[in-house]
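Note that the structure is predicted; figures quoted are calculated from it, not measured. Residue numbering restarts at 1 for every chain, and letters A, B, ... go by the order of the sequence lines. Any value given below was found using the heavy atoms of this structure, including those in side chains, with hydrogens, waters and symmetry copies removed.
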Amino acid sequence: MNEVRTRFAPSPTGYLHIGGLRTALYTYLIARKNHGTFILRIEDTDQDRFVEGAVELIYHTLKLVGIEHDEGPDIGGPYGPYVQSERKPVYQKYAKKLVDLGGAYYCFCTEERLNHLRETGGHHGTFRYDGHCRNLPREEVERRLQAGEPYVIRQKVPKTGTTTFQDELFGTITVENSTLDDGILLKSNGMPTYNLANVVDDHLMKINPVVRGSEYLSSTPKYNLLYETFGWEIPRYIHLSPVMREPGKKLSKRDGDASFEDFYKQGFLKEAILNYVALLGWSPNDNREFFTLKELEEVFDIRGLSKSPAIFDINKLRWMNGEYIKKQDPEEFHEMALPWYKKAGLPENMDLRRVSSLVQSRTEVLNEIPAMISFLAELPEYDAALFIHKRSKTTVENSRENLAKAIQVLDKLPDWTEGNIQQALNDLIASLGLKNSLVFWPVRIAASGQKVTPGGAVEILGLLGKQESMRRLRIGLEKLKAAGGPE
RNA sequence: GCUCCCAUGGUCAAGAGGUUCAAGACACCGCCCUCUCACGGCGGUAACAGGGGUUCGAAUCCCCUUGGGAGUACCA
């Protein structure tokens with residue numbers, strides 16, 4: 001059996017989209033699972049679409065998530081160069097060879113003629129090259145070439161018959177050759193199109209299987225025709241179904257576009273993103289859903305790949321991210337959370353490790369942290385109505401009474417620790433013979449000014465320190481007094 | 001328009017003709033835990049797109065319809 005060599009071949013046109021990341025992942029896993037080689041190739045034959053810094057971003061992202069290539073532009077390898085723009089002469093050589101073999105031909109049609117054809121050809125998308133230059137006499141071709149006329153090299157697709165190929169996932173696919181266009185292989189600027197470059201490079205770099213998005217499914221027959229006229233062995237194919245967004249629900253700029261980089265910056269863990277993406281269109285043969293990259297390298301199997309498009313569900317990613325966060329070592333979480341505490345403006349002297357212990361189990365995405373804890377930095381404006389909570393049986397009246405008593409007790413505490421606070425409040429509750437919530441609820445509300453908080457009254461008071469706590473509790477009491485009701 | 005591909009709950013999906021009057025996960029709902037929320041525990045709602053075949057038997061095979069995706073560029 002031949003060595004497995006797969007390649008991830010992105011175009012440097014911007015950030016790495018989630019779908020692209022998944023393609024990279026699967027391609028990588030197929031190589032690793034088979035103890036093969038994983039190659040990175042940059043497909044930059046369209047210089048107009050080149051985006052500055054895109055290549056670096058690809059390196060960075062792949063490295064960050066741990067998808068490391070064995071051959072590629074930055075590390076070299078026996079089949080380089082791995083950047084298509086640097087392989088220009090190679091394509092020209094093979095394009096001409098193709099002409100000699102009768103699988104392609106020179107075409108001198110101008111942009112204008114083609115546009116005219118398009119306009120008069122009926123509906124959009126119905127254009128097919130009319131074969132104008134398909135059978136030009138050899139002498140005429142030579143003459144025009146000599147004259148320096150701009151040209152393009154087109155594939156000469158048979159007019160009749162069918163072409164069939166096998167896809168490991170989709171099975172046998174057959175198309176009528178008559179539906180295939182004489183596509184351009186070599187552009188007038190001497191650069192190849194994908195149609196030529198992928199075939200030449202995959203062959204020269206001994207890529208097998210060829211793994212790519214399903215958007216190439218319908219053009220694969222044309223590539224096979226090329227392999228055939230070259231007399232090259234046709235590779236195995238694995239086409240991957242796409243990842244889509246929720247229909248009608250475009251991800252806004254605010255949510256961040258669906259690039260790895262954006263999610264990462266928002267506070268999604270790289271392991272969680274990779275794990276989620278792995279499961280988008282693939283499932284293991286059991287019900288497991290938590291995998292490290294290393295584990296995926298062991299268990300990945302293309303039989304688990306799905307043929308239908310998968311919709312990216314941010315909800316499940318969030319959940320999975322939350323699971324990863326919960327499983328994090330507390331110290332590790334603390335380190336990751338720190339920048340977000342700064343963003344929330346927490347006081348320098350606050351016990352941030354304690355904050356972390358309260359926040360870790362409540363965080364799905366790191367960027368929710370500031371909103372969750374900003375009340376610790378500053379008491380929000382709030383209404384006395386917050387003191388009313390049906391289930392805790394609190395009212396403005398009893399809150400006023402109990403908060404006042406709590407203030408008395410707490411004010412006397414010499415040593416402001418959670419343990420002491422808890423003890424003092426418990427004692428108070430016991431002496432009054434009340435339900436816990438009757439005291440804890442108003443205290444927590446006054447301390448935080450929020451209905452929902454990470455941690456309870458005791459933890460919050462502990463974090464705030466005595467001075468700030470007492471200040472807030474008294475503000476709460478004033479609010480309650482102002483809210484009226486019988487004394 | 002034409003060509004190719006796909007089709008199990010809102011989403012990801014298991015299921016490769018009979019042990020499935022269809023797993024699991026997210027989301028949602030309820031209960032428990034509880035000083036709020038979250039966590040955790042327990043339970044629930046929810047699907048084989050429709051119609052024809054084939055077969056003793058179909059989510060599983062075939063056809064049609066419908067829906068979705070892709071291609072139809074001197075983009076990849």
Side-chain angles (χ1 to χ4, degrees), chain A residues 9-11 13 43-46 48-49 84 107 109 111 114 118 122-128 150 152-154 167 169-171 173-176 178-181 183-195 197-198 212-221 239 241-242 244 246-247 276 279-289 303-304 306-320 322 326 358-364 372 386 389 391-392 394 422 425 429 435-445 448 450-460:
Chain A
S11 298
T13 54
E43 309 217 326
D44 61 344
T45 53
D46 184 1
D48 291 342
R49 295 205 308 159
Q84 289 187 327
C107 173
C109 290
E111 197 85 46
L114 261 20
R118 257 184 279 266
H123 298 297
H124 300 293
T126 56
F127 171 76
R128 299 263 309 281
V152 112
I153 291 180
R154 283 185 185 273
D167 182 272
L169 236 187
F170 290 93
I173 293 173
T174 302
V175 298
E176 300 275 342
S178 61
T179 66
L180 269 18
D181 196 18
I184 290 170
L185 300 176
L186 199 71
K187 311 184 210 180
S188 56
N189 66 4
M191 276 291 190
T193 61
Y194 176 85
N195 303 131
N198 91 84
R212 61 174 38 146
S214 64
E215 64 266 29
Y216 296 108
L217 215 41
S218 49
S219 49
T220 297
H239 285 91
S241 56
M244 302 192 306
E246 192 91 38
Y276 173 69
L279 260 19
L280 242 197
W282 176 79
S283 65
N285 54 19
D286 55 19
N287 275 333
R288 251 183 97 184
E289 50 185 357
R303 278 177 297 187
S306 167
K307 287 193 274 192
S308 38
I311 293 173
F312 183 86
D313 184 4
I314 185 75
N315 234 348
K316 186 148 187 180
L317 206 213
R318 294 182 64 91
W319 165 79
M320 182 161 273
K326 270 173 246 161
L358 296 176
V359 157
Q360 185 166 5
S361 72
R362 284 166 243 253
T363 305
E364 282 197 329
M372 214 185 307
L386 264 194
H389 183 66
R391 235 194 55 163
S392 301
T394 60
Q422 179 88 55
L425 257 19
I429 287 163
K435 184 172 159 17
N436 280 356
S437 57
L438 245 23
V439 170
F440 282 119
W441 179 274
V443 171
R444 190 179 61 83
I445 294 299
S448 67
Q450 272 181 196
K451 185 174 182 183
V452 172
T453 56
V458 174
E459 290 88 346
I460 294 168

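Within the 4.0 Å cut-off from OP1 or OP2 of B/A14, at least one side-chain nitrogen or oxygen of A/S283 is found. Listed pair A/K187 / B/C75 meets the phosphate criterion, a side-chain N or O lying under 4.0 Å from OP1 or OP2. A/T45 has a side-chain polar atom (N or O) that falls below the 4.0 Å cut-off from OP1 or OP2 of B/A76.
Nucleotide B/G1 is matched to B/U72 when pairs are restricted to Watson-Crick or G-U wobble geometry with both distances under 3.5 angstrom. The nucleotide B/A49 finds its pairing partner in B/U65, both defining distances of the Watson-Crick or G-U wobble pair being shorter than 3.5 Å.
Residue side chain A/T453 does not reach the base of B/C37 through any donor-acceptor N/O pair under 3.5 Å, judged by distance alone. The base of B/A76 sits within donor-acceptor range of the side chain of A/Y216, with an N or O pair under 3.5 Å.
Comparing the C1' positions of B/G67 and B/G50 gives an interatomic distance of 11 Å, to the nearest angstrom.
Regarding A/E176, its CD atom lies at a distance of 8 Å from the P atom of B/C4, rounded to whole Å. Atom pair A/M244:CE and B/G69:C1' shows a separation of 6 Å (rounding to whole Å applied).
Aromatic ring orientation, A/W441 versus A/H389: parallel (interplanar angle below 30°, classes split at 30° and 60°).
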Going 5' to 3' along nucleotides 27-35 of chain B, which nucleotides have protein heavy atoms under 4.0 Å from the base (write B), which only from the sugar-phosphate (write S), and which from neither (write -)?
S------BB
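Looking at A/R444, its side chain does come within 3.5 Å of a backbone N or O of A/K451 through a donor-acceptor pair.
Each of A/R303 and A/G281 has a nearest nucleotide on RNA chain B; the 5'-most of these lies closest to A/G281.
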